[in-house]
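First the proteins, then the strands, lettered A, B, ... as listed; each starts at 1.
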Amino acid sequence: NAGVTQTPKFRILKIGQSMTLQCAQDMNHNYMYWYRQDPGMGLKLIYYSVGAGITDKGEVPNGYNVSRSTTEDFPLRLELAAPSQTSVYFCASSAGLATYEQYFGPGTRLTVT
Amino acid sequence: AQTVTQSQPEMSVQEAETVTLSCTYDTSENNYYLFWYKQPPSRQMILVIRQEAYKQQNATENRFSVNFQKAAKSFSLKISDSQLGDTAMYFCAFMTRGGSQGNLIFGKGTKLSVKP
């Protein structure tokens, strides 16, 4: 199993550009999450999904969109990138809530200049 | 709102010694889970240990153990026989049991350096 994979590993965007961060998992997990980690901080939840076709906002959703058309994939879309979105983005998945471990991808480092 | 506080931004320990990382949290919930995650320089987030709030017994995983004090809302991590590979950022995290989203609330982390 590859676990949770994320692409790209690094990206530099200009202000106002858009991009999609890809996330895929091969563990047949229903639950998937997007977090961001700002320098010197812990992770904060952007969006989550409890299954294909179902998504909802987390703590810091502004400036992002998600979709979940399949169990495996959970892409994160950045529209009109801003310097405040410079961060490391982590995708995670779990088989269930709370009692189940969240498995994290390796992260995507995004810089917006 | 739940918050997680890690009061030690950085710590260091000699190889083979024991170190304790502190974590306190604030919540009005009674049922919840607490976690310690390790983030080495590779950035990968790795679950170290998990504690269910309804269990009185402290969790242990090999060299890692916790001291869970529910009344004090304290959840410290003890690493015994520290190894060079333990060098990493350590994050304490909280999750409400029965919540609809499984949202992990993270502290700011403690940077641990294990010295040879």
Is there a path of hydrophobic side-chain contacts, each under 4.5 Å between heavy atoms of I, L, V, M, F, W or Y residues, that connects [X] with [Y]?
{"X": "B:Phe94", "Y": "B:Phe64", "result": "yes"}
{"X": "A:Leu110", "Y": "A:Val4", "result": "no"}
{"X": "A:Tyr47", "Y": "A:Met19", "result": "yes"}
{"X": "B:Leu47", "Y": "A:Met32", "result": "no"}
{"X": "A:Ile15", "Y": "A:Leu13", "result": "yes"}

Taking the side chain as every heavy atom from C-beta outward, state whether B:Gln44 and A:Phe90 have any pair of such atoms under 4.5 Å apart.
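The answer is no; the side chains never approach within 4.5 Å.
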Can you check whether B:Ile46 reaches A:Phe104 side chain to side chain, under 4.5 Å on heavy atoms?
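Result no, sub-4.5 Å side-chain heavy-atom pair not found.
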Hey, could you give me the CD1/CD distance between B:Ile105 and A:Glu59, rounded to the nearest 0.5 Å?
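Between B:Ile105 CD1 and A:Glu59 CD, I get 5.5 Å after rounding to 0.5 Å.
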Could you state the interatomic distance from OG (A:Ser94) to CG (B:Leu104), rounded to the nearest 0.5 Å?
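The distance works out to 8.5 Å.
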More than 12 non-hydrogen atoms from neighbouring residues, nucleotides or ligands closer than 6.0 Å to NZ on A:Lys44, yes or no?
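12 or below, so no.
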What salt bridge (Lys or Arg N to Asp or Glu O under 4.0 Å) pairs are there with at least one residue in residues 106-116 of chain B, not counting sequence neighbours?
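Every pair satisfying salt bridge (Lys or Arg N to Asp or Glu O under 4.0 Å) with a residue in residues 106-116 of chain B: there are none.
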Assess whether side-chain contact (heavy atoms from CB on, under 4.5 Å) is satisfied between B:Phe91 and A:Met41, documenting all intermediate values.
CA-CA 9 Å; B:Phe91 291 96; A:Met41 303 292 286; over 6 Å; no
Find out whether the Lys NZ or Arg CZ of B:Arg43 is both under 6.0 angstrom from the six-membered ring centre of A:Phe10 and within 45° of the ring's axis.
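The answer is yes; both the distance and angle limits are met.
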For a side-chain contact (heavy atoms from CB on, under 4.5 Å) check, start with the C-alpha distance between A:Tyr103 and B:Met45, then their side-chain angles and the critical distance, and finish with the verdict.
CA-CA 8 Å; A:Tyr103 294 84; B:Met45 294 290 287; over 6 Å; no
Heavy-atom distances under 4.5 Å only: say whether B:Gln6 touches chain A with side chain, backbone, both or neither.
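B:Gln6 has no heavy atom closer than 4.5 Å to chain A.
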Intermediate values then yes/no, side-chain contact (heavy atoms from CB on, under 4.5 Å), A:Gln102 and B:Phe35:
CA-CA 11 Å; A:Gln102 289 191 17; B:Phe35 306 83; over 6 Å; no
